[in-house]
Structure formats: C-alpha cells, structure tokens
Number of protein chains: 2
Amino acid sequence: MELLLAVARLGSLGRAARELGITQPAASSRVRAMEQQLGVRLVTRSPSGSRLTDAGSLVTDWARRVVEAAEEFDAGARALRARRDSRLRVAASMTIAEYLLPGWLIALHGQLPGTAVSLLAGNSAAVARRLRDGEADLGFVEGVDVPGGLDAVTVAHDRLVVVVAPGHPWARRRTPVPARELAATPLILREEGSGTRQVVDAALAEYGGLAAPLLELSSTTAVKSAVSSGVGPTVLSQLAVADELAARRMVEVPVEGVRLARELRAVWPQGQRPTGPSRNLLSLTARD
Amino acid sequence: MELLLAVARLGSLGRAARELGITQPAASSRVRAMEQQLGVRLVTRSPSGSRLTDAGSLVTDWARRVVEAAEEFDAGARALRARRDSRLRVAASMTIAEYLLPGWLIALHGQLPGTAVSLLAGNSAAVARRLRDGEADLGFVEGVDVPGGLDAVTVAHDRLVVVVAPGHPWARRRTPVPARELAATPLILREEGSGTRQVVDAALAEYGGLAAPLLELSSTTAVKSAVSSGVGPTVLSQLAVADELAARRMVEVPVEGVRLARELRAVWPQGQRPTGPSRNLLSLTARD
DNA sequence: ATGAGGGCATAAGCTGGGGTTATGAGCAGC
DNA sequence: GCTGCTCATAACCCCAGCTTATGCCCTCAT
C-alpha cells in the first residue's frame, strides 16, 4: 500500500521502489501481484513513468487510510518502546494517548526527526504524579479541573456527544433532548469508573445523575457496537465517534441544558515552562 | 493486530489462534514478537487464559483503527475483483465509493454473507448509463439533481465545509464568513473539473463565482496537506476532513449566505424498485 | 486426591513469499 | 544515434513464520 502511495506521488515504479528501499523489480512484482488479485489494472505503465488508473486511485485512496492508521500505530508503538534514554518523556491520559497523541508524534517527528519520545499512559492522577516526580517532561490530562501543582494550557475541547443508531427514534428528533430526559433514560455505558461516565454523571447531578444503565460494557468498542445495532443511546467522546458520525453509522442527538464538555490540557510542573522538545510538542498541540 | 483484537475479545491465545485459522504456538510467538519489539508486556498470561495489560489495550485500540481501515480496503478490493458473475452490481460515484461504500459492503456482508458484489466507480453520468444499460443493479450519485430516467432516494447529505489550518486567521473567527468574502478569497482547489469545485463555483455564482485559485492541485490529499501547512483555506467534503476536524489538525470555518450541500443518493432505473440484495444494501444506507 | 482438560511455552523442521542480481527491450530527448 | 530513463523477465536465495510434537502448570469436577 505504501508502494502504491509512493507510485501515485512520484509517478514511477522505480522511484517509488527506491523510496521504500527496495529494488525496482520487487516493486514491479508487488504491483503486478496486487493487480492480479484484484483483476484490475492499477497503474498504466509507460516508458516515461507510471500513472494510476481510475481504479488505481480509488484503491490508493482506500490504502491511504490504512497506511495513515498504520503510521499512527507505529508512532505510538515507537513511543512505548523508547522507555529509557528518551529526550522527551510524555505522560498522557487514555483518550489523548489513544486518539490524539499518535498524530502529534508524527508531526513532531516531522519537526525534530531523531527525537526519541517515550509515552506513559495512565489516568490524570498518575500523569500528575509522574510530572511531579520528574519522571515525565510533559503531560496531557482530560477532565474538568487541573491537578494541583501543575501549570496547564488547554489544547482542545473534547465534547461528549449523545449518539444513537440511525434507526433509533432520537435520530429523527429535531428538538434537543432536555437534560432531565437524558438523565432519566437508561443508557449503554462503560463500567463504573470510566472517565467519560464520571463526567456525564457529574454533569447530570442536578437532575439526579444517570439512570440505571441499560447495559454495562467493558470497552468503548463494545459500547459502540451495541449502539450501532440499535440497543439504545450512549454518551461518548466526540473523538471516539467521529468516523461513525461522518459515515452516518451513528447519529448525534442534540442535548439541551447540560454542558457535556471537558478540557484536554497539556500540563507541566508549576513554574517550569516547557523547553526543548516539550516546547515543540506543545506548540503543535496548543491551538486555542 | 487482528490477533491482538481476537485475544482481547476471546480472552485466550489459543482461542484467538483458532479463530484466525492458525495454531496456538504461532499465535504465542506472534504476540511474543510484538512484545519484544515494543519492550512492553501486552497480555498477562495465566493458565486460565490471557488478558490485555494497560499498554496492551492502548496498543489494541491503535491496532483496531488499522484493522478497520484494512477491512474497508478489503471489502472494496473484493468488490473490484468480483467483476463477472456477481449477484449485485453497484455503480458509484467517487466520493461515495471512497468513503461510504466500503463500510456499507461490510455491513451487507454481515447480512448476506457470500453475496458477491461488484463495484464500478465513475462520475454521475457514467453511473446513470450503467443503470440504464442494465450493467448495474444499484447506483449511487452525488450532486444537486437526479440524472433523468432514474428513481432516487437520498441516503445522506454531504456538506461541503470551508477548512483552514488551526493557525490561520479564519480559525479564530467567531462570526461566519460572508459568502461574498468567500467568493473573493483565493482558495486552494482541485483542478478544474473536480465535482467539489463545480458545486462550490455554482453555489457562489451569484457572488461572481470563485476567485482565481491560490493553488491548484491534482488530488484531495495534496489539497489537504497544503491546507494543513497553512497555505490557505479550501472547501472539501465533510467526509474527506472528518478525521482532521476531530483531531483539530484543521478547523471548520462557518460560512453565511450560501448552501454548500449536496445530496448523496441511491438511484435505480425508473419504476424498477430494488429487490433482493439491492434492497438489503439500500436499507443499510437509506436513513433520512 | 486425582485425573481430565484447557492454557501457554519451547523445540525442530519445512516451505514459499518476497527479496536480490542480471539482463533486455521500448521510448524520449539532447 | 546515443544516453538515460522507464518497466519486464528470469534465476536464485533466504529467512520469517508456519506446523507438529511435546511438556508443564493450573483449575475444576468427579
């Protein structure tokens, strides 16, 4: 797939091969193999180079999504690996580590290639402790308030959104669901202790908190698939459902009378303004 | 990665191995190899099964995104391959083929496993011709009007959105950009002939149409990367920038006084209501 | 308490996918 | 017409990753 992207970008099998560190015949045979599997010509070869066919650009676009996901995986993996002797030690809470950090690491690598970054993932308290103990240089936390002893800057606003399957009655609502009704409705939820669930519960406190859950599941994935199959509504981070919303596999339900938001913040020990690589990473993220 | 997901789901290396059609030692060694590369334990083994560690679930979450992208790739690829002798022949325009169809095909496969689906991608005119010639059973087109001789149902509304890099002045605007100002601003655009560009140009016709482009590029990817690096604003399908918006790598700019929307429609020859697999696919998509 | 069964690890051996080098043919442009 | 780029084909080679076979450990039911 990377090869396909490289061919699209460079306009020649040989050049693409060189970029990937393989030889031209290897590239040629890979592309041929893929064409054979698909039964479709992907590139038009000519003595002056190769261009994608229509089918080829469609396949390449699909491939691009895979490659991008793989690059994020890789960036994250590298950071997990580089435990010791890394120049930048980052501690991050789960949502950020999962959805945002890989992208930031890729961007950072663009600015400072060769900088070893290490990642520790944990909850906000753990992140704060690491920073205070000098075990991390920069932290990222999600939540309503900043842990004590740390300076912070907001890098993003994470909205929690109420989502349902497209067939669910709420999907057709034009008027927002009142907070009271949301509080009274049994939802599909993560198990007690999940950060998202706590935020929702707190936000709905004045309406009596969350109703008894319709279903309690142990992973975000499980929640999503239950929602998709129409079991009921849930509340999830906008980051977790962006894809589903874009493709209308799920529908966002507007809610009234409650702020389901939480700040995503970069944090560091009080007074110690980030310098060096921390500063670079921060400048990639701080945007508001 | 699939193995990791299977382990997470099934709670045992052996069971996961069986699901993937490999033997238990193979699974064991794969996981071990990955752990070695990352320098982190991913699963805690016990005589009663295996569970993911914290790092393991983080890695698994990253992996899930890769696997999902790969599954969409695969679904699309299979449809390209199954040219002849397929029970359902779909013709779709590019945006739909690229972003939505793979997901639909996966869902359809869930309902009707073993149904061979073939895909022809082209512009709206080509889709219409295929349907009229009986070369396709169901079509999907994007655009403002329905090609003649076809019945249609809207399956989604594709908003075109104005996006800029987070550092761009427009990213901080609180007030919408007036249509007149948008029309007067040089944008980064695809080359003449792109569907998106035509829609924008038409929508801004009453304000004199688009200004001379700031930059003309040949692929959506190229446009996106130019925007990200702050060159200027562009207009793209919401589907193309959902990820970037969610991660705030780009920012949507509200616009006033112009409807930048187009319908995504399923179409079929007039009077011939879809039946069989077409009907299944349609019911997966028709949602408004 | 004791066997049966499921879980995982280790070891040895084989296979083929995917690479390499070497070479040739076609076309563009100085 | 030569030079330099393109891509294709052929012959060879290697090792990553599988399988089979085995053993140990723990749990649970008899």
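Residue numbers start from 1 in every chain, and the chains themselves are labelled A, B, ... in the order their sequence lines are given, proteins ahead of strands.
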Criterion side-chain contact (heavy atoms from CB on, under 4.5 Å) against B/R30, the qualifying member of B/L20, B/L13, B/V7: B/L20
- prompt: How long is the line joining CD1 of A/I22 and C1' of C/dT21, in whole Å?
  reply: 15 Å
field: Below 4.0 Å: OP1/OP2 of D/dT19 and any side-chain N or O of B/T23
entry: yes
- request: Could you pull out the closest heavy-atom pair between B/H109 and B/G114, with the gap in Å?
  value: CE1-N, 3.9 Å
- prompt: Is a side-chain donor-acceptor pair under 3.5 Å present for B/T196 with B/R190?
  reply: no
query: When you check the gap from the basic side-chain N to the acidic O, do B/E98 and A/R65 get nearer than 4.0 Å?
result: no
query: B/M34 has an atom CE; how far is it from atom C1' of D/dG17, in whole Å?
result: 16 Å
- line: Which of D/dA8, C/dT20, D/dC26 is nearest the side chain of B/P47? It is D/dC26
task: For C/dG26, take OP1 and OP2 only and decide whether either is under 4.0 Å from a side-chain N or O of A/R45.
output: no
task: For B/P25 and for B/R18, locate the closest nucleotide of DNA chain C by heavy-atom distance; then report the residue assigned to the nucleotide nearer the 5' terminus.
output: B/R18
- line: B/L42 atom CG is separated from C/dC8 atom P, nearest whole Å, by 14 Å
message: At 4.0 Å (heavy atoms only), tell me whether A/S29 reaches a base, stays on the sugar-phosphate, or touches nothing.
response: nothing
- request: Report the distance from atom CD of A/Q37 to atom C1' of C/dG18, rounded to the nearest whole Å.
  value: 14 Å
task: Start with the C-alpha gap between A/F73 and B/V59, add the side-chain angles, then the distance that decides, and say whether side-chain contact (heavy atoms from CB on, under 4.5 Å) holds.
output: CA-CA 8 Å; A/F73 179 96; B/V59 171; 3.8 Å; yes
message: Looking at C/dA9, I'd like to know if its phosphate oxygens (OP1 or OP2) sit under 4.0 Å from a side-chain N or O belonging to B/S28.
response: yes
- prompt: For D/dC7, does OP1 or OP2 lie under 4.0 Å from any side-chain N or O of A/S50?
  reply: yes
field: Between C1' of C/dG18 and CD of A/Q24, the distance in whole Å
entry: 15 Å
query: How long is the line joining CG of A/L13 and C1' of D/dT9, in whole Å?
result: 14 Å
message: Heavy-atom nearest nucleotide on DNA chain C for A/R30 versus B/R15: which residue maps closer to 5'?
response: B/R15
- line: Rounded to whole Å, CZ of A/R32 lies from P of C/dG17 at a distance of 17 Å
- prompt: Roughly, in whole Å, what's the span from CZ in A/R51 to P in D/dT6?
  reply: 15 Å
- request: Nearest-nucleotide wise, let me know which of B/A27 and A/S48 is further upstream toward the 5' end of DNA chain D.
  value: A/S48
